Amino acid sequence: MALERTLILAKADAVVRGLAGEILARFERRGYTILGLKLMHVTPEQAKRHYAEHEGKPFFEGLVAYITGSPIVAMVIVGEDVIEGCRATIGATNPIKATPGTIRGDYGQTIGRNLVHGSDSAASAEREVAIFFRDDELFPCANVLGDWVAAK
Ligand code: UDP
Ligand code: MG
């Protein structure tokens, strides 16, 4: 067990479809703690940094257009093994392969509009949180166990 934090994005299609609240609620109901939350427009520079590992792949330009096309809801979530837990709640990258009960399995149809992002490792999480949040946009708070969770 490790206390970790992760970056979650309710991507543009989720916000347009009115699913941002539903997505946030899935993580709240698991007992995770929200350290940061905002509606924001992603710049092409932020999108390219965030998805740098996919640069050069056939879907890259479309992915950047998708995530910059209309506002997203970004969140930083903390909890025990939260990275793996959030990825499990999100479901497989391709919604058609995602298990029903996961976010993508319940609401998604295609890989190009799969609603939500979750960091895939502790190193990715630290890198990605810094792309979307300034330190003063993260708020320490008490977690489900009553322990104080620092913002950093
Ligand atoms: N993606 C896509 N087509 C693909 C593979 C990925 O449009 O063939 C998009 C999709 O939005 C995905 C994102 O690129 O969520 C990042 O891909 P990754 O493999 O990192 O999946 P994730 O970590 O989001 O499950
Ligand atoms: Mg990924």
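Numbering of ligands and ligand atoms starts at 1, following listing order. We use all heavy atoms of the structure for the numbers below, so side chains are in, but hydrogens, waters and symmetry mates are not. Note that this is a predicted model, so its numbers are computed, not measured.
- The aromatic rings of F59 and H54 sit tilted, their planes meeting at an angle between 30° and 60°.
- Counting heavy atoms under 4.0 Å from ligand 1, residue K57 does not touch it at all.
- Contacts between L63 and ligand 1 below 4.0 angstrom, taking non-hydrogen atoms only, involve the side chain exclusively.
- Across all non-hydrogen atoms, the minimal contact from I77 to V82 is CG2-CG2, 3.7 Å.
- By the criterion of a heavy-atom distance under 4.0 Å, neither the backbone nor the side chain of R113 is placed next to ligand 1.
- The shortest N or O to N or O distance between R104 and ligand 1 is under 3.5 Å.
- Among all heavy-atom pairs drawn from N114 and P95, the shortest one is CB-CG, 3.8 Å.
- For Y51 against F60, the heavy-atom pair with the smallest separation is O-CE1, 3.3 Å.
- Listed by number with element, the atoms of ligand 1 under 4.0 angstrom from any heavy atom of G112 are 7 (O).
- Annotation: cation-pi geometry satisfied between R113 and Y66 (NZ/CZ under 6.0 angstrom from ring centroid, within 45° of ring axis).
- By the 3.5 Å distance cut-off applied to N or O atoms, E53 is not counted among the residues near ligand 1.
- Ligand 1 has no N or O atom lying under 3.5 Å from any N or O atom of H117, backbone or side chain.
- In terms of heavy atoms, A10 sits closest to I23 at CB-CD1, 4.2 Å.
- In this structure, Y32 and D81 approach most closely via the heavy-atom pair OH-O, 4.5 Å.
- Listed by atom number, the atoms of ligand 1 under 4.0 Å from Y51 heavy atoms are 16 (C).
- Linking ILVMFWY residues whenever their side-chain heavy atoms come closer than 4.5 Å, directly or via other members, leaves I8 and V78 in distinct clusters.
- In terms of protein heavy-atom proximity, atom 3 (N) of ligand 1 is closest to F59 CG, 3.5 Å.
- In terms of polar-atom proximity, N114 is counted as a contact of ligand 1, with an N or O under 3.5 Å from an N or O of the ligand.
- Residue, atom and distance of the protein heavy atom nearest to atom 16 (C) of ligand 1 are H54 NE2, 3.5 Å.
- The contact set between ligand 1 and R87, taken as ligand atoms under 4.0 Å from a residue heavy atom, comprises 22 (P), 23 (O), 25 (O).
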### Working for side chain to side chain donor-acceptor pair (under 3.5 Å), residues T102 and T99
CA-CA 6 Å; T102 65; T99 309; 5.6 Å; no

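- Looking from atom 11 (O) of ligand 1 to the surrounding protein, the closest heavy atom is K11 NZ, 3.1 Å.
- Heavy atoms of I111 found under 4.0 angstrom from ligand 1 belong to the backbone as well as the side chain.
- Atoms of ligand 1 found under 4.0 Å from any heavy atom of T93 (numbered from 1 in listed order, with element): 12 (C), 21 (O), 22 (P), 25 (O).
- Taking all atoms of both residues into account, the shortest heavy-atom contact from H50 to R127 is O-NH2, 3.0 Å.
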